[in-house]
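The first residue of the sequence shown is numbered 1, and numbering continues consecutively from there.
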Amino acid sequence: MSEARIVLIEDEKSIRNFLRATLEAQKYKLIEASNGREGISLTASHVPELVILDLGLPDMDGIEVIEAIRAWASIPILILSARDQELDKVAALDAGADDYLTKPFGLEELLARIRVALRHTSRAPGSEDSPSGTFTAGALEIDFERRTVTISGERIHLTPTEYKLLSILAGYAGRVLTHSFLLKAVWGPGSVSETQYLRVFMANLRRKLEKDPTNPRYVLTEMGVGYRLSDE
């Protein structure tokens, strides 16, 4: 997305300077905030295509910033944080963040995550919640109208629950979905603690979709956090 607007909410000036040089070289328009309240205000006034957020801000916790933005907008939020504990990642993703990158981070990985987030911005509103048409990633194709799944043109037979799980992953392709999000979406609020149940279904799904289930191409694990479906 050429000249996409990105709001960066980061209190460390050195990181802001580095990201400004990097992102402006990629033709992104960067809008900087050094604290949470300023970041929320700039997000509301500029309505960017992406928010990049540090969780450790001087005036408020980054989780509060996520919740404030999510109260009115579905703008993709990418977390850049030194917090590397699984609980921190889960909390941020459950609050509404779309992706999480731990500092220090690789530049190419950051740019790849930004490209994924901006692809989500370009989708029609509501398309993530109720996917339609077809989804394609590599040899995998999902036809939501016919409710069919194929790999290299060969029909893959899924159970209704496996299809529902795959459809939800496809609706948010490229984004990390937490265990609790998937359990609630597929089995309901009473199942949010049944992570082993989810692992069993994911293992079955991989056996049907992946050439090598131990080295998956499509259904990827974010250790201790959740799963995402590759959209590359």
Side-chain angles (χ1 to χ4, degrees), residues 51 53 55-56 61-67 69-71 74-103 105 109 112-113 116-117 119-120 123 126-131 135 137 140 142 144 149 156 158-210 212-232:
V51 172
L53 171 66
L55 293 181
D61 191 83
I63 299 295
E64 296 176 273
V65 177
I66 297 170
E67 291 171 344
I69 293 172
R70 280 290 168 263
S74 58
I75 299 164
I77 300 174
L78 168 61
I79 303 300
L80 292 183
S81 179
R83 300 180 191 175
D84 60 358
Q85 298 299 307
E86 290 176 2
L87 287 176
D88 292 316
K89 296 179 182 180
V90 170
L93 292 165
D94 276 344
D98 297 276
D99 204 351
Y100 196 113
L101 197 56
T102 304
K103 298 176 182 176
F105 50 84
E109 182 177 9
R113 302 282 186 103
V116 168
R119 282 201 293 273
H120 298 149
R123 292 176 180 171
S127 63
E128 295 161 344
D129 297 323
S130 53
F135 168 85
L140 170 66
I142 306 170
F144 297 107
V149 178
I156 306 298
L158 302 181
T159 67
T161 300
E162 288 167 351
Y163 177 81
K164 185 175 182 180
L165 185 57
L166 182 62
S167 296
I168 292 169
L169 287 165
Y172 293 86
R175 295 164 61 175
V176 181
L177 301 184
T178 64
H179 298 128
S180 60
F181 179 95
L182 287 167
L183 285 162
K184 183 177 180 181
V186 177
W187 289 281
S191 303
V192 294
S193 63
E194 303 293 337
T195 54
Q196 184 57 39
Y197 197 51
L198 179 59
R199 290 191 187 100
V200 170
F201 273 87
M202 283 298 188
N204 290 339
L205 200 53
R206 281 188 174 131
R207 277 194 289 271
K208 294 181 178 183
L209 297 180
E210 305 285 358
D212 178 5
T214 63
N215 184 29
R217 158 73 176 80
Y218 303 110
V219 181
L220 307 177
T221 299
E222 296 290 337
M223 194 61 65
V225 178
Y227 300 90
R228 64 184 172 91
L229 186 68
S230 173
D231 65 349
E232 296 292 339

Within the side chain of [X], is there an N or O that forms a donor-acceptor pair under 3.5 Å with the backbone of [Y]?
X: Glu210; Y: Arg217; result: yes
X: Arg113; Y: Tyr100; result: yes
X: Glu222; Y: Arg228; result: no
X: Arg70; Y: Ala95; result: no

Measure the [atom1]-[atom2] distance between [X] and [Y] for me, rounded to the nearest 0.5 Å.
X: Arg199; Y: His179; atom1: CZ; atom2: NE2; value: 5.5 Å
X: Arg206; Y: Asp212; atom1: CZ; atom2: CG; value: 11.0 Å
X: Leu165; Y: Tyr227; atom1: CG; atom2: OH; value: 9.0 Å

Heavy-atom side-chain contact between [X] and [Y] under 4.5 Å:
X: Asp88; Y: Ile63; answer: no
X: Phe135; Y: Leu229; answer: yes
X: Leu93; Y: Arg175; answer: no
X: Leu169; Y: Met202; answer: yes
X: Val51; Y: Val65; answer: no
X: Lys89; Y: Val176; answer: no

Identify the two heavy atoms, one from [X] and one from [Y], that lie closest to each other, and give their separation to 0.1 Å.
X: Ala97; Y: Ile79; result: CB-CG1, 3.7 Å
X: Val186; Y: Lys164; result: O-NZ, 3.5 Å
X: Ser230; Y: Leu220; result: CB-CD1, 4.2 Å
X: Asp98; Y: Ile75; result: OD2-O, 3.9 Å
X: Tyr218; Y: Ala137; result: CE2-O, 3.0 Å
X: Ile66; Y: Leu55; result: CD1-CD2, 4.4 Å

Taking atom NZ of Lys184 as the centre, report whether more than 12 heavy atoms of other residues, nucleotides or ligands fall under 6.0 Å from it.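 It does not: Lys184 NZ has 12 such atoms or fewer within range.
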Scan Ile156, Val200, Leu158 and name whichever one has a side-chain contact (heavy atoms from CB on, under 4.5 Å) with Leu205.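 With Leu205 as partner, Ile156, Val200, Leu158 yield a single side-chain contact (heavy atoms from CB on, under 4.5 Å), made by Leu158.
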Could you go through Ile69 and Leu53, starting from their C-alpha distance and side-chain angles, then the distance that decides it, and tell me whether this counts as side-chain contact (heavy atoms from CB on, under 4.5 Å)? CA-CA 11 Å; Ile69 293 172; Leu53 171 66; 5.9 Å; no
Under the side-chain contact (heavy atoms from CB on, under 4.5 Å) criterion, do Leu166 and Lys208 qualify, and how do the steps go? CA-CA 12 Å; Leu166 182 62; Lys208 294 181 178 183; over 6 Å; no
Any luck finding a side-chain donor-acceptor pair between Thr161 and Thr159 under 3.5 Å?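 Not at all, the side chains of Thr161 and Thr159 share no donor-acceptor pair under 3.5 Å.
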Step-by-step side-chain contact (heavy atoms from CB on, under 4.5 Å) determination, Val219 to Leu209: CA-CA 8 Å; Val219 181; Leu209 297 180; 4.2 Å; yes
